Engineer: 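Pasting a structure here, questions to come.
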Amino acid sequence: MSNNKFYIQLPMDFSYSECLKFLCRSDLECLFSVENEQIYFPLEVEKSIFLIRLFYRPQRLWIEILKGDDLTDFGKREIKTYILDWLDIKRDLTDFNKMAKKDKLLKPLAKRYNGLRLIGIPNFLEAISWAIIGQQINLTFAYTLKKRLVENYGKVVVHEERKFYLFPKAKVIAQLTEADLRPMQFSRSKIKYLTGVAQAIVDGKISKSQLSKMPYEDAKVELIKLKGIGGWSADYVLMKCMRCLDAFPISDVGLHNAIKFQLGQKDKPTIEEIEKMALPWKGWKSYVIFYFWHSLIKK
DNA sequence: TACCAGGATGTTG
DNA sequence: CAACATCATGGT
């Protein structure tokens with residue numbers, strides 16, 4: 001059983017504690033859990049489900065398989081790939097930090113959160129669904145809705161009397177009705193958007209691999225064709241799932257508030273003002289907004 | 001109590 | 001084409 005524990009070598013400027021802080025931002029998170037600075041989450045690889053624990057030792061992120069079939073070398077590689085993507089471990093932040101240092105607004109954030117990675121959502125359907133769920137409601141309520149969806153329609157893994165959930169499959173969400181989701185307090189429009197997107201994925205009309213071959217602008221156009229996906233949601237998915245470094249949901253109210261606080265102003269900035277201040281951020285706009293979001297986390 | 005939430009869509013003027 | 005209503009409900 002020596003095959004159930006392996007590790008990823010971490011770059012110097014990786015801050016496990018800042019990443020953990022982001023992962024801990026809601027007590028209602030249901031797709032992973034953080035305890036004693038360890039991250040627990042289930043992952044489906046090659047049709048079998050593994051329960052994984054991550055923990056940190058200097059310059060190493062250890063991966064331990066707590067539950068699941070025997071791991072092949074292929075499966076092991078898949079799990080590593082997933083984690084590298086999720087925590088954006090391979091990203092070289094040298095240029096980002098260099099740019100941030102010269103930027104009045106960013107400098108304190110980049111210093112305070114040095115080594116923070118843009119925590120992603122590798123699962124395409126989950127990323128889109130989370131964008132839809134988060135539209136126009138406060139984050140606490142959004143987490144509550146996601147939890148209800150996941151706990152009712154996602155696969156569950158039980159380990160030491162604790163339940164761990166996977167995000168529901170597109171095939172399952174595509175079949176849901178108002179009778180299923182209205183009692184969980186999803187709005188009629190969110191239900192339509194969620195099932196519609198899931199159906200589009202089932203039908204092969206859109207996929208992560210297809211989008212990944214397109215330039216940012218084209219991928220954004222494709223996403224916006226989906227009912228319920230506007231500019232904000234498209235950019236959200238492009239930054240959290242497709243890893244486009246210049247995806248920038250500029251209309252985001254969280255961003256507006258974060259900039260307001262950072263500038264110590266009474267009013268939120270206008271879109272035009274943000275566009276102007278974002279000029280030097282080119283190449284790293286998704287990282288910039290992520291750092292601003294991070295600054296909103298209440299201790 | 002009113003107003004704001006990590007928006008998007010359909011309608012109206 | 002810009003302004004407005006609507007969605008649904010929790011948080012403050």
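Every value quoted in this text rests on a predicted model; they were computed, and no experiment measured them. Residue numbers start from 1 in every chain, and the chains themselves are labelled A, B, ... in the order their sequence lines are given, proteins ahead of strands.
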Engineer: Provide the distance between the two P atoms, one in dA2(C) and one in dA5(B), to the nearest whole Å.
Structural biologist: 23 Å
Engineer: In terms of relative ring orientation, are Trp293(A) and Phe290(A) parallel, tilted or perpendicular, with 30° and 60° separating the classes?
Structural biologist: perpendicular
Engineer: Against the six-membered ring of Trp130(A), is Lys240(A) placed for a cation-pi contact (under 6.0 Å from the centre, within 45° of the normal)?
Structural biologist: no
Engineer: At a cut-off of 3.5 Å, list every protein nitrogen or oxygen paired with a nitrogen or oxygen from nucleotides 9-12 of chain C, distance to 0.1 Å.
Structural biologist:
| unit_1 | atom_1 | unit_2 | atom_2 | d |
| --- | --- | --- | --- | --- |
| dG10(C) | OP1 | Gln185(A) | NE2 | 3.2 |
| dG10(C) | N3 | Asn138(A) | ND2 | 2.9 |

Engineer: Report, one line per pair, each donor and acceptor closer than 3.5 Å where one atom sits in a side chain of residues 77-86 of chain A; sequence neighbours left out.
Structural biologist:
| unit_1 | atom_1 | unit_2 | atom_2 | d |
| --- | --- | --- | --- | --- |
| Thr81(A) | OG1 | Arg77(A) | O | 2.8 |
| Asp85(A) | OD1 | Arg243(A) | NE | 3.3 |
| Trp86(A) | NE1 | Gly120(A) | O | 3.4 |

Engineer: Please state whether the base of dA8(B) and the side chain of Gln135(A) form at least one donor-acceptor pair under 3.5 Å?
Structural biologist: no
Engineer: Show which residues join Phe55(A) in its hydrophobic cluster (side-chain heavy-atom contacts under 4.5 Å, direct or indirect), or state none.
Structural biologist: Tyr7(A), Trp62(A)
Engineer: Is there side-chain contact between Met239(A) and Lys285(A), with at least one heavy-atom pair below 4.5 Å?
Structural biologist: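 A side-chain contact is absent here, since even the closest heavy-atom pair is not under 4.5 Å.
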Engineer: Kindly express the pairing pattern of DNA chain C in dot-bracket notation, using | wherever a base pairs with another strand and counting only Watson-Crick or G-U pairs under 3.5 Å.
Structural biologist: |||||||.||||
Engineer: Does Ser187(A) put a side-chain nitrogen or oxygen below 4.0 Å from OP1 or OP2 of dT6(C)?
Structural biologist: no
Engineer: Taking for each residue the nucleotide of DNA chain B with the nearest heavy atom, is it Ile224(A) or Lys240(A) whose nucleotide lies nearer the 5' end?
Structural biologist: Lys240(A)
Engineer: Going by distance alone, is a donor N or O of one side chain under 3.5 Å from an acceptor N or O of the other, for Asp27(A) and Tyr143(A)?
Structural biologist: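 No, Tyr143(A) and Asp27(A) have no side-chain donor paired with an acceptor closer than 3.5 Å.
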Engineer: Donor-acceptor pairs under 3.5 angstrom involving side-chain atoms of residues 194-203 of chain A: please list them, not counting sequence neighbours.
Structural biologist:
| unit_1 | atom_1 | unit_2 | atom_2 | d |
| --- | --- | --- | --- | --- |
| Thr195(A) | OG1 | Ile191(A) | O | 2.8 |
| Thr195(A) | OG1 | Lys192(A) | O | 3.2 |
| Gln199(A) | NE2 | Asp203(A) | OD1 | 3.0 |
| Gln199(A) | NE2 | Asp203(A) | OD2 | 3.4 |

Engineer: Just how far, in rounded Å, is P of dG7(B) from CG of Leu145(A)?
Structural biologist: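 These atoms are roughly 14 Å apart.
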Engineer: Which is it for Glu44(A) and Leu166(A) under the side-chain contact (heavy atoms from CB on, under 4.5 Å) test, yes or no, and what are the steps along the way?
Structural biologist: CA-CA 8 Å; Glu44(A) 189 166 359; Leu166(A) 289 159; 4.2 Å; yes
Engineer: So what does Lys227(A) hit on the nucleic acid, given a heavy-atom distance under 4.0 Å: a base, only sugar-phosphate, or nothing?
Structural biologist: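 Sugar-phosphate only.
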Engineer: Roughly how many Å is it from CD1 in Ile250(A) to P in dG7(B), rounded to a whole number?
Structural biologist: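 Rounded to whole Å, this separation is 14 Å.
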Engineer: Show, in sequence, the C-alpha distance, side-chain angles and deciding distance for Phe41(A) and Phe32(A), and conclude whether the ring-ring contact (aromatic ring centres under 6.0 Å, His included) test is met.
Structural biologist: CA-CA 4 Å; Phe41(A) 67 100; Phe32(A) 55 84; 8.0 Å; no
Engineer: Give one of base, sugar-phosphate or nothing for Ser233(A), where a contact means two heavy atoms less than 4.0 Å apart.
Structural biologist: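 Contact class for Ser233(A): sugar-phosphate only.
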Engineer: If I take atom CG in residue Leu194(A) and atom P in nucleotide dA8(B), what distance separates them, rounded to the nearest angstrom?
Structural biologist: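 Taking atom P of dA8(B) as the reference, CG of Leu194(A) is at 13 Å.
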Engineer: Can you measure Gln136(A) atom CD to dC3(B) atom P for me and round it to whole angstrom units?
Structural biologist: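 In whole Å, dC3(B) P lies 15 Å from Gln136(A) CD.
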Engineer: Would Lys155(A) and Tyr165(A) count as a cation-pi pair here, with the cationic atom under 6.0 angstrom from the ring centre and within 45° of the axis?
Structural biologist: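 Negative - Lys155(A) is either too far from the ring of Tyr165(A) or too far off its axis.
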Engineer: So what does Ile229(A) hit on the nucleic acid, given a heavy-atom distance under 4.0 Å: a base, only sugar-phosphate, or nothing?
Structural biologist: sugar-phosphate
Engineer: Between C1' on dA5(B) and NZ on Lys190(A), what's the gap in Å once rounded to a whole number?
Structural biologist: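 Result: 10 Å.
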Engineer: Leu296(A) CG to dC4(B) P: how many Å, rounded?
Structural biologist: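 Atom CG in Leu296(A) sits about 17 Å away from atom P in dC4(B).
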Engineer: Going by atom types alone, do Trp284(A) and Asp95(A) pair a side-chain donor with an acceptor below 3.5 Å?
Structural biologist: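 Per modelled atom types, Trp284(A) and Asp95(A) side chains form no pair under 3.5 Å.
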Engineer: Are a donor atom and an acceptor atom from the side chains of Gln135(A) and Ser233(A) found within less than 3.5 Å of each other?
Structural biologist: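 Ser233(A) and Gln135(A) do have a side-chain donor-acceptor pair below 3.5 Å.
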Engineer: Using a heavy-atom cut-off of under 4.0 Å over every strand shown, decide if Lys268(A) touches base, sugar-phosphate, or nothing.
Structural biologist: sugar-phosphate
Engineer: Any base atoms under 4.0 Å from Leu226(A), or only sugar-phosphate, or nothing? Heavy atoms, all strands.
Structural biologist: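 Counting heavy atoms under 4.0 Å across all strands, the contact made by Leu226(A) is with sugar-phosphate only.
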Engineer: Quick one, which residues of residues 251-266 of chain A touch DNA chain B with a heavy atom under 4.0 Å?
Structural biologist: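 The stretch gives Asp252(A), Val253(A), Asn257(A) as the residues lying under 4.0 Å from the strand, ordered by number.
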